[in-house]
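Report on one structure; see the data block that follows.
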Amino acid sequence: MAGTVPANGLPISVHGPAGVLDLLVPPGATAADVAAEYAARVGLPSIPLIYTRVGVPVPPDAGLASAGVDAGDLVVATTSVPRPGSASDDPDVSSAPAVPGPASALWFAVSSGVAVLAGWFSAHSDSSRLTSATVAVLLGAALIGVLPIGRYAAQRAHAAPAFAAAAAFALVWDPDPARLPMVAGLTGLAGAVAAAVARAANDQVDEGLRVWMVAGSMVFVTSAAAALLGFGPAVVWSVLLVVCVLAARVVPGLAVDVPDQLLIDLERLAVTAWSARDVPRGRRGRAMASPAAVAVVAVRAARLVTAAGVAIAVVAVVCSAMLLSSATIDLDQIGARWQVLFAGAALLLAGRSYRHSGARAALRAAGLGCWVVLSSVALAEVAGSEPERIAVLAGVAIGLAVLLVVVSVAAGRGWRSAWWARRAEVAEGLNGALTLAFLFVATGFCRAIWELTSNVGF
């Protein structure tokens, strides 16, 4: 609605290159008159343009009241050329292509799961033709995935290592328990190589492929080192489980990578023959970080911790199952079960310190997955045992249920409080230490020392 000019004039404040000037605009005066008066008062060499306080230009031959300027309002006088409107302001300019959303990411995640299932079933198939055809399809899909072409190049690049790993698994599969670590190592190596190729071909994809490369290389190096040193399969699974527990604490510190120039003044650290004698003058400078740079660091860190959480969950659950199945001697079985129990607890507590919902859910799923594997092994053993052991298991289950209720009530009353946080931190460190300690029991190291000292075999 247009404003009205009082009979005695319209008081306004003009903000321009020479500062703010209060004027009393008489009735009938136009924007050109206001601009000429401001230029004459402050001594501008040219007549400025008049804008409202929200940036709407006022025509030179129009009155301020017609532009909606009321008494006491602020107008802007500028001598610079107006900035042209962006492409979004012009309806004739076509908008940029839409960025792929969560639906496409979910689709490629499902396709990766289907690729894993295809590799698993083809590896267990008796038909060599079916295995060869499946491997060819998986390798072709991995090759297409690493190509930086199309809108969904980023999602395909993250799915390509899964197809390559599934193809390698189908090729090198061997049911012998002694060779399963090398099967896992070659599978991880294939995924790491595909991730490296995809990262080299596409500069915009980085975080998820870095996790693929690190996780696959870690599995391969661990399995290859165990094979060269003559260690058993339990050593590989136990070491990888410990690595998962440690990675849950290390990843957040590595995810946030802040440039050095935002943290320290590199110029003041450069000491030369001249700067050592120079006396600094003036006030100390201050480095300012732009919100856009902070947002980029935060988004990259979120993607990195989410991908690392998923990798930790997959490796931890698989290693827990393989460790429990590879331990066949009583003492080794005891160590393996305790290690899986404490590893699951450590991962559950580690998820508490993650603020990102995706990474926190992945770590909690990893801890629960370890406990589910342990529970399934315990139930399978008790199913054919004596009634007394079944009664003991039932009592333990009831006790755990009561403990779960108590913890849930306490969590509802303030799990995020400082008191709970301190105790959860101590519990997480204790479970991590016990996970590392039971590695020597689960791998047979303690049993070997016992046999050497007592000449009694298990």
Side-chain angles (χ1 to χ4, degrees), residues 105-146 155-195 198 208-209 211-213 215-220 222-224 226-227 233-234 236-237 240-241 244 307 309-326 340 362 365-366 368-370 372-377 380:
L106 178 62
W107 172 256
F108 282 102
V110 172
S111 65
S112 300
V114 173
V116 173
L117 292 177
W120 173 268
F121 287 113
S122 64
H124 292 78
S125 176
D126 297 332
S127 176
S128 59
R129 293 183 178 180
L130 178 61
T131 302
S132 301
T134 304
V135 170
V137 171
L138 292 175
L139 290 178
L143 179 61
I144 296 175
V146 300
Q155 284 82 352
R156 291 201 316 269
H158 286 94
F163 285 86
F169 180 81
L171 283 176
V172 302
W173 166 252
D174 194 329
D176 188 2
R179 299 179 180 177
L180 288 180
M182 187 53 62
V183 172
L186 294 176
T187 302
L189 179 62
V193 171
L209 298 181
V211 174
W212 264 108
M213 294 167 59
S217 302
M218 181 63 67
V219 174
F220 174 74
T222 305
S223 60
V236 177
W237 312 126
L240 289 177
L241 189 58
C244 290
V310 174
I312 290 172
V314 173
V315 176
V317 173
V318 172
C319 290
S320 298
M322 299 307 299
L323 177 61
L324 295 175
S325 63
S326 61
V340 172
L368 292 177
C370 295
V372 167
V373 171
L374 179 61
S375 301
S376 62
V377 172

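Quick note: numbers below take in every heavy atom, side chains included, and nothing from hydrogens, waters or symmetry partners. Along the sequence shown, the residues carry numbers beginning at 1.
Atom-to-atom distance recorded for Gln155:CD and Ser112:OG is 11.0 Å, nearest 0.5 angstrom. A distance of 10.5 Å separates CH2 of Trp212 from NE2 of His158, quoted to the nearest 0.5 Å. Separating the SG atom in Cys244 from the CD1 atom in Ile312 is a distance of 6.5 Å, to the nearest 0.5 Å. In this structure, CG in Leu241 is found 6.5 Å from SG in Cys319, a value given to the nearest 0.5 Å.
More than 12 heavy atoms of other residues, nucleotides or ligands shown are found within 6.0 angstrom of CE on Met213.
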For residues 168-177, which side-chain donor-acceptor pairs fall under 3.5 Å, sequence neighbours excluded?
{"from": "Asp174", "atom 1": "OD1", "to": "Asp176", "atom 2": "N", "distance (Å)": "3.1"}
{"from": "Asp174", "atom 1": "OD2", "to": "Arg179", "atom 2": "NH1", "distance (Å)": "2.7"}
{"from": "Asp176", "atom 1": "OD1", "to": "Ala178", "atom 2": "N", "distance (Å)": "3.4"}

Indicate every side-chain donor-acceptor pair of residues 183-192 with a distance under 3.5 Å to a residue at least two apart or in another chain.
{"from": "Thr187", "atom 1": "OG1", "to": "Val183", "atom 2": "O", "distance (Å)": "2.8"}

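For the pair Ser320 and Trp237, the minimum side-chain heavy-atom distance is 4.5 Å or more. Between Leu180 and Pro233 the shortest side-chain heavy-atom distance does not fall below 4.5 Å.
In plain terms, the two heavy atoms of Val373 and Ala321 that are nearest each other are CG1-CA, 3.6 Å. Shown here for Ala160 and Val146, the closest heavy-atom pair between the two residues is CB-CG1, 3.8 Å. Of all heavy-atom pairs spanning Val211 and Ala311, the tightest one is CG1-CB, 3.7 Å. When every heavy atom of Ala157 is checked against every heavy atom of Leu209, the shortest pair comes out as O-CD2, 3.3 Å. Shortest non-hydrogen contact noted between Met182 and Ser223 is CE-O, 3.9 Å. Nearest approach of Ala226 to Val236, heavy atoms of both residues: CB-CG2, 3.3 Å.
Between the side chain of Ser132 and the backbone N or O of Ser128 there is at least one donor-acceptor pair closer than 3.5 Å. With Thr222 contributing its side chain and Val219 its backbone, the two residues share no donor-acceptor pair below 3.5 Å.
Applying the side-chain contact (heavy atoms from CB on, under 4.5 Å) criterion to Val377, with sequence neighbours excluded, gives Leu324, Arg337.
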